[in-house]
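These notes concern the structure reproduced below.
No experiment lies behind these values; they were computed from the predicted model shown. The sequence lines fix the lettering, A, B, ..., with proteins before strands; numbering per chain opens at 1.
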Amino acid sequence: MPFCLQPTGENYANPRTCFFHVLFKAAALAFYILSAIFIDSFVIIFVVTVFLAALDFWVVKNVSGRILVGLRWWNEIDEQGESVWKFECLDQESLARMNKKDSWLFWWTLYLTAVAWIFLGIFSLIRFQADYLLVVGVCLTLSIANIVGFTKCRKDAKKQIQQFATQTIASRFTSSLQSAFSVV
Amino acid sequence: MSHSDTIPLHPSSQSDIDEIENLINADVHSATVLPARPPSPPRVSIPISHSPSPLPPYQKVHPSASPPPVVPAVPAAAAAPAGSSRIGISSDAFGSPPDTLTEPVWDTVKRDLARIVSNLKLVVFPNPYREDPGRALRDWDLWGPFFFIVFLGLTLSWSASAKKSEVFAVAFAILAAGAIILTLNVLLLGGHIIFFQSLSLLGYCLFPLAIGALICMLEGNVIIKIVVVSITLAWSCWAAYPFMSAAVNPRRKALALYPVFLMYISVAFFIIAID
């Protein structure tokens, strides 16, 4: 068992989604790191890396967030012209049914990618390469945006689970009270 | 058919209301409602909003005309999926429930592309909504601006005979940083604008300049370049004008607009001067 944190037992419920979730992140990082050796043109490195990072952002936000952990976040502008951030999660039974391995992979790769980009950013800072810092900056912003969005979503999900539990208990209490009084 | 969101409904009664609404809307949207559903919360259903849909088993359609509750940041509780039956509505970014991985990805991609096209048309081309900036770019997205900035940078870099990398990096950095700074400028002037909406807008307004840069790349004659760039510059400024000016106090309109025009003029000079 390589990591003691890794959950055992079940397999990945959505292997293809997990694959795509990891694919673009790994591709962006790998391309950025390896391109320094093979490719001369900064423009190509920039465009391809940022494009892969943007694709990864889209995939995580729209596809793997939904499928792997049942969370979604987005921004809306309402009738008054105010910006509203919406967070949404599955109901409690579906959340409980979520595959543990899937969500483990989801969160860990999210965090690890951000850490990796921070490292690469520090590297390019040390070497005083401002243009590579630009690339790293863009990719880091995208990773952090997803992390923040999904973390907020998860917190809201937990809050709602509590609210729902309290509400259910309260309603059951009232209904049992009512049935008790109706019998009397 | 509005939900009374000020009164928190019991989850099961909310879902009853949903059932009734669905039956009423059934022939309109021809959706199927599966029996087992989670209790659904007061849903946000601006016609242009994204429709939520996390899991396969649920297929449900929102009554698309219900007004959104004014919720500053209160999250919607459980998932009320809909989506695959709302393809007619232009901006569903969070597509259909994924039965396989390939289907919904294509749907989502198509929907996002449609959104980019519609945003582009709203911003850059004449249309009846221009005078109401709040409505026009309600459904902002940053993909369009991203593509246009990268395209403009690539075109400039291609046109340059030397220092291609620097040209691209400078173009991208100036455009991106410029958009952010211009938005901050409007906000600091006491204007009412939403950060991402403004970024999105300024990015979309680069579309004419990107076309101008493309034409200039293909065409060598300086006079033609100047003419083409002036036309596209005027077009960009015309596109950006209503949104920016509506966002601030009328006395400060010039203060908000001047930097925008300055940025576009400098990009135009850049395009002409590149060789």
Turns out that what part of B:Phe195 lies under 4.5 Å from chain A's heavy atoms comes down to neither
Per side-chain hydrogen bond (donor to acceptor under 3.5 Å, both in side chains), A:Lys25 is matched among A:Asp56, A:Thr109, A:Thr113 by A:Asp56
Whatever's closer than 4.5 Å to a heavy atom in chain B on A:Ala130 counts as neither
| Audit row: A:Trp73, A:Asp156, side-chain hydrogen bond (donor to acceptor under 3.5 Å, both in side chains) steps and yes/no | CA-CA 11 Å; A:Trp73 60 277; A:Asp156 284 329; over 6 Å; no
Okay, B:Ile193 and chain A: the region with an atom under 4.5 Å from a heavy atom over there is neither
Of the listed B:Phe196, B:Phe146, B:Phe172, the one with the largest count of heavy-atom pairs under 4.5 Å with chain A is B:Phe172
Exercise. Looking at A:Trp107, is A:Arg154 sitting on its ring face, NZ or CZ under 6.0 Å from the six-membered ring centre and within 45 degrees of the normal?
Worked result: yes
Is it the case that over 12 heavy atoms from other parts of the model lie below 6.0 angstrom from the CH2 atom of B:Trp158?
no
